[in-house]
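Below: one structure, written as structure tokens.
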Amino acid sequence: MTARILNGKAVAAALRAQLAAQVAVLPYRPGLAVVLVGEEAASAVYVRNKDRAAREAGFAAQTIRLSAAVTQGELLATIAALNTDPAVDGILVQLPLPPHLTPRAVLEAVDPAKDVDGFHPVNAGRLQEGTALLAPCTPRGVMKLLEQAGVSLSGARAVVLGRSAIVGKPVAAMLLAANATVTIAHSRTRDLAAECRRADVLVAAVGQPELVRGDWVAEGATVIDVGINRLADGRLVGDCATAECAARAGAITPVPGGVGPMTIACLLENTLLAAQARRGVA
Ligand code: NAP
């Protein structure tokens with residue numbers, strides 16, 4: 001079997017265009033504030049891309065750049081000001097933060113109603129309950145790709161590789177809410193390959209280049225590769241050995257051009273949702 005390639009770039013572009021059309025007819029511009037601490041190169045690129053995508057879709061985007069030496073107190077004061085700024089609907093603090101700062105305290109300082117990353121414990125709890133308005137963007141992107149691909153989740157066996165708070169756990173909660181039977185595997189899982197082979201839907205989010213080999217994939221399975229790993233030779237690869245896996249999978253996401261572009265599109269969607277909810281629009 002040769003897998004169908006799930007083109008996240010195209011799905012994300014369509015979602016961004018749809019959001020731009022919705023924003024164009026609003027009597028206000030949804031506001032997104034991105035806080036960037038320090039000058040880490042990868043973070044700077046991510047923030048620039050978020051800012052550009054937001055502006056292109058008609059959002060009022062602002063990037064607040066703080067020195068790498070900012071104190072925890074100064075950062076918390078910046079977030080407090082954004083929490084009360086009526087023009088700001090969504091707040092995102094770009095991670096990772098410099099080591100002298102405490103990310104947990106920073107994320108918990110964001111007003112849950114403006115938490116467009118979906119990382120605040122209130123929103124994480126609501127996701128488990130099935131009542132979250134704002135849920136993490138990358139997992140939302142995974143679910144949208146599955147939906148767009150017409151993958152039937154009810155009763156399907158889903159295996160999530162990785163249990164991080166930003167990808168593995170929330171995507172597992174979303175798959176469960178979609179009535180899949182979900183297994184979460186991680187670094188202590190006894191036989192990773194055997195767990196993966198049972199999956200109708202395999203979501204890999206481990207941050208290990210090409211960990212998932214072709215013979216880990218069941219014939220006809222859907223493989224969603226969240227991983228983004230830069231190799232020493234400069235190549236960008238996922239957590240799955242794409243060519244090997246594609247030889248057995250029914251459908252697979254490429255890296256780059258799969259889940260990656262969905263994350264920013266879902267960030268914009270969350271910002272619009274937050275803006276409408278703050279104005280009492282369901
Ligand atoms: P993370 O916080 O480092 O978590 C990795 C998870 O994978 C952990 O649960 C870890 O298990 C597990 N793991 C690591 N090595 C393993 C192994 N050899 N076997 C089995 N499990 C293993 O990573 P993350 O933030 O979730 O990100 C995962 C990947 O997705 C990264 O490549 C990241 O760059 C990418 N990512 C992409 C996007 C996007 O927009 N496309 C967004 C976020 C992340 P333990 O819990 O047991 O340690």
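The structure presented is a predicted model; accordingly, all values stated were derived computationally and were not measured. Counting starts at 1 for both ligands and their atoms, following the listed order. For this chain, numbers begin at 1 and follow the sequence in order.
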Item to complete: Have a look at ligand 1 and work out which part of Leu192, if any, has a heavy atom under 4.0 Å from it: side chain, backbone, both or neither.
Response: side chain
Response to the item:
In terms of heavy-atom contacts, Leu95 and Pro103 come closest through CD2-CB, 4.4 Å
Worksheet, complete the sentence: Within the 4.0 Å heavy-atom cut-off, what Leu161 brings close to ligand 1 is neither
Item to complete: Pick whichever of Asp239, Thr263, Val206, Val167 has a heavy atom sitting closest to atom 44 (C) of ligand 1.
Response: Val167
Worksheet, complete the sentence: Atoms of ligand 1 under 4.0 Å from any heavy atom of Ile166, numbered from 1 in the order shown, are 25 (O)
Worksheet item: Looking only at N/O atoms, are Gly162 and ligand 1 under 3.5 Å apart anywhere?
Response: no
Worksheet item: Taking atom 8 (C) of ligand 1 as the point of reference, which of His186, Arg163, Lys169, Gln208 owns the nearest heavy atom?
Response: Arg163
Practice prompt. Report yes or no: does a heavy atom of Ala205 sit under 4.0 Å from some atom of ligand 1?
Written response: yes
Which donor-acceptor pairs under 3.5 Å do the side chains of residues 17-25 make with protein atoms, sequence neighbours left out?
from: Gln18; atom 1: NE2; to: Gln22; atom 2: OE1; distance (Å): 3.3

Discussion item. Within this structure, what is the CZ-CG distance for the pair Arg278 and Leu273, rounded to the nearest 0.5 Å?
Written reply: 13.5 Å
Worksheet entry | atom 35 (C) of ligand 1 [closest protein heavy-atom partner, distance rounded to 0.1 Å] | Val226 O, 3.4 Å
Worksheet item: Against heavy atoms of Gly207, which atoms of ligand 1 measure under 4.0 Å?
Response: 28 (C), 29 (C), 31 (C), 32 (O)
Worksheet item: Short list, please: which atoms of ligand 1 are under 4.0 Å from a heavy atom of Asn229?
Response: 32 (O)
Worksheet item: Are any of the side-chain nitrogens in Asp89 or Arg279 under 4.0 Å away from the carboxylate oxygens of its partner?
Response: yes
Worksheet item: Is the shortest side-chain N to carboxylate O distance from Lys144 to Glu269 below 4.0 Å?
Response: yes
Practice prompt. May I ask you to identify the nearest protein heavy atom to atom 48 (O) of ligand 1, giving residue, atom name and distance to one decimal place in Å?
Written response: Ser187 OG, 3.6 Å
Worksheet, complete the sentence: All heavy atoms of Leu82 vs all of Ile91, minimum pair found to be CB-CD1, 3.6 Å
Item to complete: Run down the list Ile184, Leu267, Leu211 and name the one with the heavy atom closest to atom 17 (C) of ligand 1.
Response: Leu211
Worksheet item: Which is closest to atom 1 (P) of ligand 1 by heavy-atom distance: Pro136, Gly141, Gly258, Ser164?
Response: Ser164
